[in-house]
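To start, the structure under review is shown below, and the notes come after it.
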Amino acid sequence: MNEFDVVIIGGGVSGCCTFYTLTEYSDIKKVAIIEKETKLAQISSSHKANSQTIHDGSIETNYSPEKAKKVKLSAQKVRNFCLKENLQNKVIYSMQKMAIGVGDHECEVMTKRHEEFQYIFPGLKFYTKEAIKSMEPKVIEGKDGGDRPENVVGSGFDSDWCAVNYEALSEYFIQKAKEKNPQNEVFLGFRVNKIEPKNAGYAVIGADGREIYAKFVLVDAGSYSLPLAQRAGYGLDLGCLPVGGEFYFAPNLLKGKVYGVQNPKLPFAALHGDPDVFVEGKTRLGPTALATLRLENSRHFFDVLSPELLKLDLHLDVMKVTYDLLSDSEIRNYILRNIFFHLPFFGKRLFIKDAQKIIPSLKLEDITFAKGYGEVRPQVVDRTAKKLELGEKKIRTGKGMTFNMTPSPGATSCLQNAMVDSEEIVAFLNAKFDKERFLKELSPEELQ
Ligand SMILES: Cc1cc2nc3c(=O)[nH]c(=O)nc-3n(C[C@H](O)[C@H](O)[C@H](O)COP(=O)(O)OP(=O)(O)OC[C@H]3O[C@@H](n4cnc5c(N)ncnc54)[C@H](O)[C@@H]3O)c2cc1C
């Protein structure tokens, strides 16, 4: 009864999406998904955890044109899926979005970038200070009520399906898959402790001793994918630098997403502002970026260190990578600034200075710390190459077990990753995946 062709560990958006993709587009008979929490998508894919953005590369100024072309294809799969399923205003939301440059240097950078990127994103619009004033008045309104003194230009879209509640999307993937094949199972409240070879496949063993068997195991356990891989003897050359991200709430001050010019040395989006798609009437500002010792945000006050992290990171190579990062003055200042953001009294006063780049008239009393919001981004450290990986990481064992580590923009890439993993799984199991239908429905551009 507890025997499956494929077991997916982790019920975040990555796992739920592959559960759906295999059910809908492959001929694999029995798939299970295992989640340690009692509800799906409560960690990074929760509506509280992430920035609710489909990152397609059009306004993410730290993406090169090559990276933008790639993420655009991932993004359009999520967008097309939601529109095909009529999930407008339930899972996916439309709003204006722009990246802004503030001051002469950033305006020059934005202008150049816009010219380069408008060929990748037809319809991408350039906004002057006047145009931004009519679209997002609060971005131009200065502290004294007049216009802010610096020049501001922007690049973006008047409207775009660019905001997603990834928690709702995860639940929808599971609902669709269960409707299609009720034999496929969802196990909640099941914390996987280890994966061991058994017969021709694997035994997935829970912390409470329960066992589930699979021919192929896909691990989409977020921050815990790497500890699970290392327990199974893989990814031993990798470490993890967990970076926590938190948010502040302000009243409804922005109509759409406003991103700033980002530092290309940093693997995640810089501070931005946008309307929360779940909490009505609130603008969200953030995320901050604080190096932490936890693999997931703790639900307990005294729980400040994930013991698994010691095993991952107590290596000279990881310390060397951290030392090298800190030797770069831009990164060091960024990290220090983010540490200060978390100090009582001073933190909020410092944070508001960064947020005022987006909304200059923002006052201290306008913002409140969004308690319980945000999560940890598990950035992978490659100990052999002695560098921080800027993005996702996959460990393929070639033996019926694959591990995914999916920091930002992992939610945007869920269908792309599901397609790649499904292809690998069917090849291993000698099954079929209808890639043509998958692409026809979700990314027809790739078929041409
Ligand atoms: C502050 C912040 C902002 C972000 N903003 C964006 C954004 O705007 N757009 C975007 O695309 N991405 C964004 N991201 C990244 C995005 O949230 C993640 O890439 C994505 O949610 C990862 O999904 P996942 O399913 O791989 O991991 P998760 O959602 O973390 O799911 C992993 C699941 O595995 C479960 N699990 C872990 N260990 C075990 C175990 N031993 N047994 C059973 N289950 C286990 C966990 O409980 C969890 O449910 C952001 C992330 C952060 C932290």
Side-chain angles (χ1 to χ4, degrees), residues 7-19 33-57 60 71 74-75 78 162-167 169-170 173 187-195 204-208 210 212 217-229 231 242-247 257 259 267-272 274 277 284 286-290 292 295-297 299 306 308 370 373-379 391-394 403-418 421:
V7 162
I8 299 167
I9 301 173
V13 73
S14 307
C16 295
C17 183
T18 307
F19 184 79
I33 184 164
I34 301 179
E35 166 55 46
K36 68 175 162 54
E37 305 295 320
T38 50
K39 239 180 131 225
L40 296 164
Q42 294 305 292
I43 312 299
S44 300
S45 308
S46 151
H47 72 84
K48 288 182 170 180
N50 56 66
S51 302
Q52 309 173 327
T53 302
I54 299 189
H55 288 299
D56 68 357
E60 291 75 10
V71 294
S74 303
V78 173
C162 62
V164 166
N165 177 343
Y166 289 106
E167 180 177 337
L169 179 62
S170 308
F173 279 138
F187 294 90
L188 296 175
F190 186 130
R191 179 185 286 272
V192 175
N193 201 21
K194 57 184 173 183
I195 311 156
V204 176
I205 304 167
D208 57 5
R210 271 187 286 174
I212 292 179
V217 179
L218 179 70
V219 184
D220 277 331
S223 296
Y224 284 94
S225 287
L226 188 54
L228 284 169
R231 247 173 263 162
V243 181
E246 289 171 332
F247 296 90
K257 292 188 180 282
Y259 279 65
F268 29 76
L271 194 139
H272 53 269
D274 52 6
V277 298
R284 246 212 249 181
T288 57
L290 179 71
T292 166
L295 286 171
E296 283 178 3
N297 268 357
R299 275 65 182 154
S306 300
E308 292 86 351
Y373 281 69
E375 243 317 324
V376 172
R377 290 163 284 202
Q379 301 302 143
E392 298 166 19
K393 183 86 184 168
K394 188 185 286 296
F403 301 85
N404 286 320
M405 280 137 281
T406 43
S408 199
T412 303
S413 318
C414 64
L415 276 157
Q416 177 67 28
N417 289 337
D421 288 336

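One-based numbering, in listed order, for ligands and for the atoms of each. Since we're looking at a predicted model, the values are computed, not measured.
In this structure, Y259 and H55 have perpendicular ring planes: the angle between them is above 60°, well past the 30° mark.
In terms of N/O distances under 3.5 Å, ligand 1 is not approached by I9. Between G245 and ligand 1, no N or O atom pair is found at a separation short of 3.5 Å. Between Q42 and ligand 1, a contact under 3.5 Å exists for no N or O pair. Looking at G410 next to ligand 1, an N or O pair under 3.5 Å apart turns up. When only interatomic distances are considered, the shortest N/O to N/O separation between R377 and ligand 1 does not fall below 3.5 Å.
Among all protein heavy atoms, the one lying closest to atom 24 (P) of ligand 1 is S14 OG, 3.2 Å. The nearest heavy-atom contact from the protein to atom 23 (O) of ligand 1 is S45 OG, 3.2 Å. Protein heavy atom nearest atom 9 (N) of ligand 1, with residue, atom name and distance: T53 O, 2.8 Å. The nearest heavy-atom contact from the protein to atom 14 (N) of ligand 1 is S408 OG, 3.6 Å. In terms of protein heavy-atom proximity, atom 44 (N) of ligand 1 is closest to K36 N, 3.1 Å. The closest protein non-hydrogen atom to atom 4 (C) of ligand 1 is N50 CB, 3.3 Å. At the shortest separation from atom 17 (O) of ligand 1 among protein heavy atoms lies S44 O, 3.0 Å. In terms of protein heavy atoms, atom 2 (C) of ligand 1 is closest to A49 O, 3.5 Å.
With S45 contributing its side chain and G12 its backbone, the two residues share no donor-acceptor pair below 3.5 Å. Judged by distance alone, with hydrogens and angles left aside, the side-chain atoms of S225 form a donor-acceptor pair with the main-chain N or O of N404 at under 3.5 Å. A donor-acceptor contact shorter than 3.5 Å is absent between the side chain of S170 and the backbone of A41. Remark: the backbone N or O of N193 is paired with a side-chain donor or acceptor of R231 at under 3.5 angstrom. A donor-acceptor pair is defined here as one N or O able to donate and one able to accept, closer than 3.5 Å; such a pair exists between the side chain of T288 and the backbone of E246. Looking at Y373, its side chain never comes within 3.5 Å of a backbone N or O of G245 through a donor-acceptor pair. A donor-acceptor contact shorter than 3.5 Å links the side chain of N50 to the backbone of S44. A donor-acceptor contact shorter than 3.5 Å is absent between the side chain of D220 and the backbone of I8.
Close approach to E375 involves these atoms of ligand 1, each under 4.0 Å from a residue heavy atom: 53 (C). The Q52 neighbourhood of ligand 1 comprises atoms 8 (O), with distances under 4.0 Å to a heavy atom of that residue. Taking every non-hydrogen atom of F190 and a distance limit under 4.0 Å, the qualifying atoms of ligand 1 come out as 42 (N), 43 (C). Each of the atoms 10 (C), 11 (O), 12 (N) of ligand 1 lies under 4.0 Å from some heavy atom of P409. Residue contact check: G12 has heavy atoms under 4.0 Å from atoms 25 (O), 29 (O), 31 (O), 33 (C), 49 (O) of ligand 1.
For the pair A41 and ligand 1, no heavy-atom separation below 4.0 Å is found. Distances from ligand 1 to the non-hydrogen atoms of G374 include no value under 4.0 Å.
Salt-bridge formation is detected for the pair K39/E167: a Lys NZ or Arg NE/NH1/NH2 atom is positioned less than 4.0 Å from an Asp or Glu carboxylate oxygen.
Looking at H55, K194, E296, M405, it is H55 that brings a heavy atom closest to atom 7 (C) of ligand 1. In this comparison of P287, A75, S46, A221, the heavy atom closest to atom 37 (C) of ligand 1 sits on A221. The closest non-hydrogen atom to atom 33 (C) of ligand 1, taken over E37, E35, R231, E246, comes from E35. Among L40, T406, D56, the residue whose heavy atom sits closest to atom 19 (O) of ligand 1 is T406.
With a 4.0 Å heavy-atom cut-off, ligand 1 is reached by the backbone of D220 but not by any atom from C-beta on. Only backbone heavy atoms of P407 (N, CA, C or O) come within less than 4.0 Å of ligand 1; its side chain stays farther off. Neither the backbone nor the side chain of C414 comes within 4.0 Å of ligand 1, counting heavy atoms alone.
Within the 4.5 Å cutoff, no side-chain heavy atoms of I43 are placed close to those of Y224. Inter-residue side-chain proximity for E296 and K36 is flagged as met; some heavy-atom pair is nearer than 4.5 Å. Using a 4.5 Å heavy-atom cutoff, the side chains of L226 and E308 are not in contact. For the pair E60/P409, no side-chain contact is recorded, criterion being any heavy-atom separation below 4.5 Å from C-beta on.
Of the options V13, L169, D56, a side-chain contact (heavy atoms from CB on, under 4.5 Å) to V78 is made by L169 and by none of the others.
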Residue pair S46, E375: steps toward the side chain to side chain donor-acceptor pair (under 3.5 Å) verdict
CA-CA 9 Å; S46 151; E375 243 317 324; over 6 Å; no
